[in-house]
Amino acid sequence: MSAATASTTTSDATERTRALLTTADSGRRRTDRAMQVLIWCAFALAMVPLVWLLWTVTTEGIGRMSIDFLTLSTRNIFGGDPGGGIYHAIMGTLIITGIAAAISVPVGILTAIYLVEYGKGWLARSVTFFVDVMTGIPSIVAGLFAFSLFALFLGPSAQMGMMGAVALSVLMIPVVVRSCEEMLKLVPNELREASYALGVPKWLTIVKVVLRTSVAGLTTGVLLSVARVIGETAPLLVTVGVTDSINFNPFDGRMMTLPVFSYRQYHQGYAPCPAGESASCVADIAFQNAWGAALVLIGIVLLLNLVGRLVNRWFSPKLR
Amino acid sequence: MSITDSPPRAGTRTARRRRSSDRGFNRGFRWIAVGAGVLILVVLAAVALFLLWQAWPALTAGGDELAAEVPRFPADTSFLGYVGPLVFGTLLAAVLALCLAVPVAIGIALFISHYSPRRLSQVLGYLVDLLAAIPSVVYGLWGFLVLAPVLTPFWLWLNENLSWIPLYGGQASTTGRAMATVGVVLAVMILPIITAVSREVFLQTPKLHEEAALALGATRWEVVRTAVLPFGRSGVISAAMLGLGRALGETMAVLMIISPGFSYSLDILAAGQHQTIAAYIAADFPESTGLGINTLIAAGLVLFVITLAVNMTARWIVARRKEFSGAN
Amino acid sequence: MAQRIEVKDLNIYYGDFLAVQDVAMTIEPKSVTALIGPSGCGKSTYLRTLNRMHEVIPGARVEGKVELEGVDLYGSDVDPVAVRRNVGMVFQRPNPFPTMSIRDNVLAGVKLNNKRISKPDADDLVESSLRGANLWNEVKDRLERPGSGLSGGQQQRLCIARAIAVKPQVLLMDEPCSALDPISTLAIEDLIGELKSEYTIVIVTHNMQQAARVSDRTAFFNIAGTGKPGKLIEMDDTSTIFSSPAEKSTEDYVSGRFG
Amino acid sequence: MAQRIEVKDLNIYYGDFLAVQDVAMTIEPKSVTALIGPSGCGKSTYLRTLNRMHEVIPGARVEGKVELEGVDLYGSDVDPVAVRRNVGMVFQRPNPFPTMSIRDNVLAGVKLNNKRISKPDADDLVESSLRGANLWNEVKDRLERPGSGLSGGQQQRLCIARAIAVKPQVLLMDEPCSALDPISTLAIEDLIGELKSEYTIVIVTHNMQQAARVSDRTAFFNIAGTGKPGKLIEMDDTSTIFSSPAEKSTEDYVSGRFG
Amino acid sequence: GSDPEPEGNASDTDAPGSSETNSGEEMGSISGTLSGGGASSQEAAMNAWRAGFQQANPDATVNYDPVGSGGGRTGFGDGSYAFAGSDAALDEDEIAAAEAQCGEGGVIEFPGYVSPVAVAFNLDGVDSLNMSPETIANVFLGEITSWDDEAIAADNPDVELPGTTITVVHRSDESGTTENFEEYLHTVAPDIWTAEPSGVWPVDGQESAQGTSGVVGAAQAGQGTITYADASQVGGLGTVAVGVGGEFVPYSAEAAAEVVAQSPRTEGTSDYVYTIELERDIAGTYPIVLVSYSLACTSYPDEETAELVKGFLGYVVSEEGQQASADAAGAAPLSDTIREAILPGIESISAG
Ligand SMILES: Nc1ncnc2c1ncn2[C@@H]1O[C@H](COP(=O)(O)OP(=O)(O)OP(=O)(O)O)[C@@H](O)[C@H]1O
Ligand SMILES: Nc1ncnc2c1ncn2[C@@H]1O[C@H](COP(=O)(O)OP(=O)(O)OP(=O)(O)O)[C@@H](O)[C@H]1O
Ligand SMILES: [Mg+2]
Ligand SMILES: [Mg+2]
């Protein structure tokens, strides 16, 4: 080991070095600080509408929450009647979104698999491009498309949950493809190679290694896409219609969904209460219903996200 | 043992043996995946054909005929003259939303990827993702009933004091139901999408490049500027395009907030100046019949073409500087 | 179980880029063959052609013959999946499946192929493979724990156990110790010494000392410069390569004058 | 420009994990110091404490002193940004900024400090730095092309040019040649030989031959096993380390008996 | 397939406010699902009718899609809706299309829902104003821009008018309410309001909002706003007493019912088509009313639908049904005379 600091080191050199190492360029420091503050601000700024919106929906909607509201339909409820509930809309939303997911998730994930694992050449390029284009289809156009498609086969009087599900699928597929593609790309090639080297065919490698490893990411992608369509209104109005009765059958008859319910209630506006406000007639009941349904809808999305998180935790690679 | 338990030389035969069922599955799976991709192309082609087929009568009818049959169709103009203001309004809304959302989204994405404490950032990312899950009807209700009244005084102030800026000119709306409010709501709606994608891209910045910048004596912001942002550039552009797609096609929120008009005015604080294609279709579809519906769908076709053009432009921008992209 | 490999006139391409040119070599069964050479000379590329892993890379292809006991691996009736089952591979960085337990990792070759295996058979296979990889004693109490919780050296041995569990004839190793600390490296080198009584082993290494320690025969690859193809310069018994190679460049390389 | 580095009682942690224990060494100005040792012994970790890059990793921290000409780099009034400007670093894998041209890559560090550098000044600096990195002749016709279009060796020299363009006092290199082919390696070794007349150079290498060729003094690090801290075993003139080291383990290592 | 299930709502039937229906026993036997659609103006009334009908006939379900009059007429024309609601009477082409769809029996059309349209404003401290037709037209045209304009002040000597700017809020979507309001202005002030009524607001650059709730919400959000909307929806807004026949009449269901009762039936239509030509200047009546028509066929292919339509429309025009819509939606009940004229058509609905 070398000797201690050589006595030849002049304190002069030390001072120069100290000067070099301690003079922070104040201008750059300031820029750095300023950008940090700015970025914090950007974040805070984004939190404002989120918190505000959630606050509004919660305070406006919480008043309607009750067992009745969640378990009854609005069948035979009209005017300022504060009875009834949104059970039919909850079920409609779950069924229609569920079918849309059942259509879109396999198609979307398979397409993502195609793009990541097989895709090359013009087909892959055009699929990527048109998936981008599909993200921009206005939802009402998707609704009209599904309506015409079914009208070709069933005539114009057909209105059913299935049609709405098809319309939602058109909106949902590109989101599934985009997000799942990204997730599949994150699976390290090492794992694929490890599997190939064990003599596992490609398709089994994809199913059992690639998909299995990216389950967590895929769930996130699927949830994102569900969130994208669960709040759609316009295409469902065209394809599924409205009803205030409970209908579990997506192949026959109208269904109600939460966003449509919310929108229609808002549209009904004030109810005339001849004898003034009373327990049996609430003038702004429709607005309360609209907010209530919105709150339940957000609650459902939250719940789905929570389930997704659990799935993520369950499936995510274990490190210890 | 049930695996290849073969005598010494038999192994070669195993290697030679064609496992036809395996190969069949392999090919089958491949074709299913390809089929899914093709299905998407088919669906899109079907949507495009549907639009074209339904729009055709309106596209081929003369301006006079359309003016006679379609209530909102102004006299003495062609179809292009009629959709022009709608296209303008659509683009204006999308550009406004994008201008507001992209800087904030990049800020949040950077915050989550490079600034916030690690533990916090996950929770925060989740919170922002939540914004994506709020249905557009709720955005519409909130924008109309809650946000617009709050923004009105601010808009009036801008209109009063900064009216020399073209955007703030005209007669400001006293109810806040103007393009500016729509832009804000759309910005909030597309924020989470842009944030989510940008965040992922920023997180992918190779540690190598960040450390290279640090080793040159860069401050944190300088690292972001020299390594993170240039690397994420194409990712941020795609993210912005995703957001733009959503903004272009958003229906309910715009419908419920805007006070529509059909002009080429830049006065985003004024009422009755602009309308977007998607909201226009939703607004007039219920009362339309015959040629009116065709005209609306033709407008939808135009929107489709816009989306296509926007995506192509984005690809072009990304490709133009491909050799400088972070992928190398 | 060990088998002889005969390579004839092999050219290896990445798209249009000729990465390795004109290799001919015989790899003897039940022996360890080391591939050495400077970085980028195509050792990994060449190794991966021996079990058709090369073609997994888009655009990659080969010309020439690789014969396993006289059967051309690139023959038209040969299934690459079956080839890989017979020619196992261990990678530079240990890559156990992160979603699987230690036990499942060992059984991966069986389970991923959807083969049915009875519990006692599986237990036997896990134990024999882990013993074969010198890992049994260290992990026998935590077979259900995730494989990624092991240390680097243990993970690498787990990967070796996984590779030998499918009972291959040949075992390829691409710098299996380069990510490991010296103690783990020694463990793996010992393991290679044991395995060679049963398998044909080909190992790529950057470490001259390691090549000298573990291999019976050594092949030296070199490259004239970036963009040029790599070539097999010479192949001989390890002792000959390290003491009196035929080529000047080999001598320069093994004596540390470049590389 | 070269400056002396004095390290005293240095302990380096990743969170609670003590990665390198109790290092004390003096690094002489205008000389090349090589750090050798088996993988995982903490060479990179130690190197990164010399310009405070270590603390960039979340949870990482150090105890002890690193003095540059008598100034403790970890003193409270020292700005890490200034430290890194004065102690440059070249990494194992060449990492030019892919989004910048060759010219901008060279100027990247300079522009951080001095945004308003005049064009002629910048041109001069680019030329002198690229000449200093032995790259000028190869790239002078394509300064506006992306840096990522160069070969690995050229990229590495570009990174060296970028590092010396900010005129540091010390240059740290972490296995700068391990990803390069032998021709590029030779080019970089030559360059190191030239640079040492102006800079204090510390280089990590796995390649004993390289250490022997380029360095004046060599420090040998070792580790007792995974999870244990790495330690400085001995440091001496390179010739001494390679001919008659004081420690048995050093001799074992440099003679290739392990590692 | 299965029908929308009426069960699961048993507890709804005794929900307060909806339990007073006690239709005749003979009606309780109707079952099945009936789907209609059309004008969204009828939605609130329709909810009341459907509820009333479904309570009397627990096995029946009636759906109504508030897709808009245009959608309703189209749907009725191509057979997707068994009955429809429309804010405008069918024109000749549409009658022809509907007749082709309905078969030889022809179409039934009658004003099932009549509702006053209020001219409503938001002005602090003022909750009622008098305005002559000309003033209303000038205000909505944007000619009168301030609340203390002489024209307004002249009719309201007792009211202290602020100098607030007038902000007109109209419907942004195409609507029957707009068409009706335009028609009113065009009839009573033809020199000022020259645009032909069309359902689309003819003045550019004004504030607007979608739907009745939209305009009401927008009017409430701003100061000095004025709009027109279904009278039952105007909430806390002030309303205008409209000048008619020399006096000012505030809106009321009765005054609106009166104008429908006193206006003549359109001539030259077939027996079961009862449309009216509104007279906008009958003293003592409220002239701005939205008359929304119900459409049905006289014959349907199957018995079940025929029974349902017959039963449902019968309930709609019944005294009880009209009272329900008056309670729930502030509608003006049909007069007995008109009911007498309509009922034969409904009675004639049959299968075949
Ligand atoms: N996926 C690929 N696509 C194109 N070229 C490649 C690819 N992989 C490697 N190469 C090129 O093939 C040549 C041989 O590379 P290879 O990785 O086989 O070298 P190596 O001898 O294993 O080097 P090392 O010792 O660094 O592992 C190199 O020029 C390399 O750039
Ligand atoms: N980011 C990190 N977090 C936690 N531990 C780390 C980190 N990086 C390195 N280590 C640990 O610190 C120890 C020293 O690692 P280091 O990379 O310094 O070794 P090295 O001597 O450079 O090895 P090599 O020759 O492989 O580069 C190792 O045990 C390693 O696992
Ligand atoms: Mg290699
Ligand atoms: Mg290292």
Side-chain angles (χ1 to χ4, degrees), chain A residues 68 71-85 87-88 91 151 155-160 237-238 240-256 260 263-275 278-287 290, chain E residues 1-9 11-18 21 33 35 37 40 43-55 61 63-67 71 74-75 78-82 210-214 216-217 229-236 324 326-330:
Chain A
D68 277 3
T71 55
L72 301 178
S73 71
T74 44
R75 188 177 161 91
N76 300 346
I77 302 293
F78 62 94
D81 184 352
Y87 182 66
H88 59 311
M91 290 323 286
S157 62
Q159 277 200 316
M160 55 188 184
L237 262 180
V238 181
V240 189
V242 297
T243 180
D244 51 17
S245 303
I246 299 160
N247 176 11
F248 289 119
N249 185 350
F251 294 97
D252 186 39
R254 290 130 217 274
M255 291 173 111
M256 191 53 128
V260 174
Y263 183 64
R264 283 327 307 173
Q265 288 289 319
Y266 154 75
H267 251 260
Q268 275 178 34
Y270 295 98
C273 287
S278 73
S280 63
C281 184
V282 182
D284 64 350
I285 190 68
F287 290 106
Chain E
S2 75
D3 290 327
E5 288 167 299
E7 88 260 358
N9 302 294
S11 50
D12 292 358
T13 30
D14 50 37
S18 58
T21 31
T33 302
S35 289
S40 50
E43 190 175 5
M46 200 51 92
N47 282 348
W49 292 329
R50 284 161 48 233
F53 181 69
Q54 284 170 172
Q55 276 163 358
T61 295
N63 293 313
Y64 182 80
D65 294 348
V67 292
T74 312
D78 64 23
S80 12
Y81 294 139
Q210 194 239 354
T212 302
S213 338
V216 172
D230 192 315
S232 63
Q233 297 292 312
V234 295
D327 290 346

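Letters A, B, ... are given to chains in the order of the sequence lines, protein chains preceding strands, and every chain is numbered from 1.
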task: Count the heavy-atom pairs under 4.5 Å between each of E/S213, E/G330, E/G217 and chain A, then report the option with the highest count.
output: E/S213
- request: State, to 0.1 Å, how close A/N76 and E/R50 come at their nearest heavy-atom pair, and which atoms those are.
  value: OD1-O, 4.1 Å
query: At what distance, to the nearest 0.5 angstrom, does CG of E/D65 lie from CZ of A/R264?
result: 9.5 Å
task: Taking all heavy atoms of E/N47 and all of A/I77, pick out the closest pair and write down the distance.
output: CB-O, 4.4 Å
Region of A/Y266 that comes under 4.5 Å of a non-hydrogen atom in chain E: both
Nearest heavy-atom neighbours spanning A/V242 and E/P66: CG2-CD, 3.4 Å
- prompt: To the nearest 0.5 Å, what is the distance between OG1 (E/T61) and CZ (A/R254)?
  reply: 11.5 Å
message: Can you tell me which portion of E/A48 sits under 4.5 Å from chain A's heavy atoms? Options are side chain, backbone, both or neither.
response: both
message: Counting only non-hydrogen atoms closer than 4.5 Å, does E/Y64 touch chain A with its backbone (N, CA, C, O), its side chain (CB onward), both, or neither?
response: backbone
- prompt: Out of curiosity, E/Q233 CD to A/H267 NE2, how far, rounded to the nearest 0.5 Å?
  reply: 10.5 Å
- request: Identify which part of E/E43 has an atom lying under 4.5 Å from any heavy atom of chain A, answering side chain, backbone, both or neither.
  value: side chain
field: Beyond-backbone contact of E/N63 with A/Q159, side-chain heavy atoms, under 4.5 angstrom
entry: no
- request: Flag the one option from A/F251, A/F287, A/Y263 with the top tally of heavy-atom pairs under 4.5 Å to chain E.
  value: A/Y263
